[in-house]
Amino acid sequence: MLAVHYDAFRAAPRLLEVPDPAVPPDGAVVRVMATGVCRSDWHGWMGHDPDIRLPHVPGHELAGVVEAVGAEVRGWRRGDRVTVPFVCGCGGCRECRTGNHQVCEAQFQPGFTHWGSFARFVAIHRADVNLVGLPEAIDFTTAASLGCRYATSFRAVVDQGRAGPGEWVAVHGCGGVGLSAVQIAAAMGAQVVAVDIDGEKLALARALGAAATVDARAVPSVVEAIAEVTGGGAHLSLDALGHPTTCFDSIACLRRRGRHVQVGLMLDAHATPAIPMAKVISHELELRGSHGMPAHRYDAMLAMIAAGRLAPQRLVGRTITLAQSIEALTGMDRFPGVGVTVIVAP
Ligand SMILES: [Zn+2]
Ligand SMILES: [Zn+2]
């Protein structure tokens with residue numbers, strides 16, 4: 001099969017003919033129909049992810065059709081339309097047994113722990129635990145955005161953040177995760193203030209339901225700007241970028257007893273950011289991480305999409321070919337683009 005393949009970090013990936021994946025006994029091989037290009041893929045290619053063993057095929061935001069299943073698989077068959085969370089659970093550890101596959105002790109992550117979906121086929125382990133059936137109404141390009149950024153935002157806003165009607169929710173960073181969070185928080189009845197340094201992204205945030213926006217380059221203090229917009233600080237705030245500055249601002253912009261959710265990955269030199277811990281104590285702030293979403297929780301999100309309350313297709317920026325994905329991947333830090341970039345029909 002054709003795949004985007006690299007054998008050294010930070011060296012140009014190549015489009016190569018590689019062997020088709022074998023079908024795991026408990027897993028499935030999925031014919032990839034669409035797969036998103038994500039900042040996590042860029043982090044992986046940069047060498048920031050210790051799970052990646054070279055040579056490697058990136059890609060973790062996939063949707064496609066089951067091509068083959070292993071002998072132990074009960075719930076899936078060839079031809080099923082599926083997607084998969086970017087963190088797949090083992091199904092047997094303490095966390096998986098309590099429904100928390102997103103923090104499984106023995107995770108399978110396509111595109112990180114194993115070869116991913118910048119390819120014609122991808123093998124998914126423990127298919128009965130991790131595959132998610134796609135309703136016919138959701139096209140593959142839209143579905144490709146669900147497995148990582150949209151689902152991650154859904155869990156961050158709804159489950160970890162507990163966004164409620166009438167609350168102010170601040171979203172720091174309007175990339176794929178941030179824009180998803182804007183749409184989801186607005187759908188939950190919250191008022192969203194979106195923060196970014198790019199006017200085009202802020203305009204899209206408004207179109208997706210943000211009640212207010214803050215251009216971080218145009219104000220002396222993001223924290224003060226949010227305090228003004230929200231009348232004293234956000235009830236819930238998300239760092240959707242994963243940077244020491246946005247992390248700090250997200251915590252500092254909360255009102256008393258507010259909740260911060262860290263969604264953006266903090267890797268490499270950013271792994272131990274400064275935190276206004278004095279304020280965390282005196283204002284009884286709550287800090288939580290959010291890491292993907294288990295397959296069994298997709299039903300709630302898919303139901304909101306089916307009902308028209310969420311529209312992830314509006315997050316898709318441009319569609320590209322597998323060959324174009326190399327430039328999209330390696331140039332991600334320089335030309336991040338607006339919305340989610342999706343590779344179609346690799
Ligand atoms: Zn991703
Ligand atoms: Zn597990």
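Atoms within each ligand, like the ligands themselves, are counted from 1 in listed order. The figures that follow rest on heavy atoms only: side chains count, while hydrogens, waters and symmetry mates do not. Note that this is a predicted model, so its numbers are computed, not measured. Along the sequence shown, residues are numbered consecutively beginning with 1.
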Item to complete: Please collect all salt bridge (Lys or Arg N to Asp or Glu O under 4.0 Å) contacts where either partner lies in residues 24-35, sequence neighbours excluded, each pair once.
Response: Arg31-Glu67
Worksheet item: How about Glu61 and Tyr150: does a side-chain donor come under 3.5 Å of a side-chain acceptor?
Response: no
Item to complete: Please report how many protein N/O/S atoms lie under 2.8 Å from the Zn ion (ligand 1).
Response: 4
Worksheet item: Which class fits the ring pair His114 and His125: parallel under 30°, tilted 30 to 60°, perpendicular over 60°?
Response: tilted
Practice prompt. Indicate whether any N or O donor in one side chain lies under 3.5 Å from an N or O acceptor in the other, for Thr246 and Asp249.
Written response: no
Worksheet item: So do the side chains of Gln102 and Met293 get within less than 4.5 Å of each other, counting heavy atoms only?
Response: no
Item to complete: Answer yes when Glu167 and Arg259 have at least one side-chain N-carboxylate O distance shorter than 4.0 Å, and no when they do not.
Response: yes
Practice prompt. Assess the pair Phe86 and His291: is the distance between their ring centroids shorter than 6.0 Å?
Written response: yes
Discussion item. The criterion is salt bridge (Lys or Arg N to Asp or Glu O under 4.0 Å); which residues satisfy it with Arg155, sequence neighbours excluded?
Written reply: Asp159
Worksheet item: Should the pair Glu286-Arg288 be classified as a salt bridge under the 4.0 Å nitrogen-to-oxygen rule?
Response: yes
Worksheet item: At distances under 2.8 Å, what protein N, O or S atoms surround the Zn ion (ligand 2)?
Response: Cys90 SG, Cys93 SG, Cys96 SG, Cys104 SG
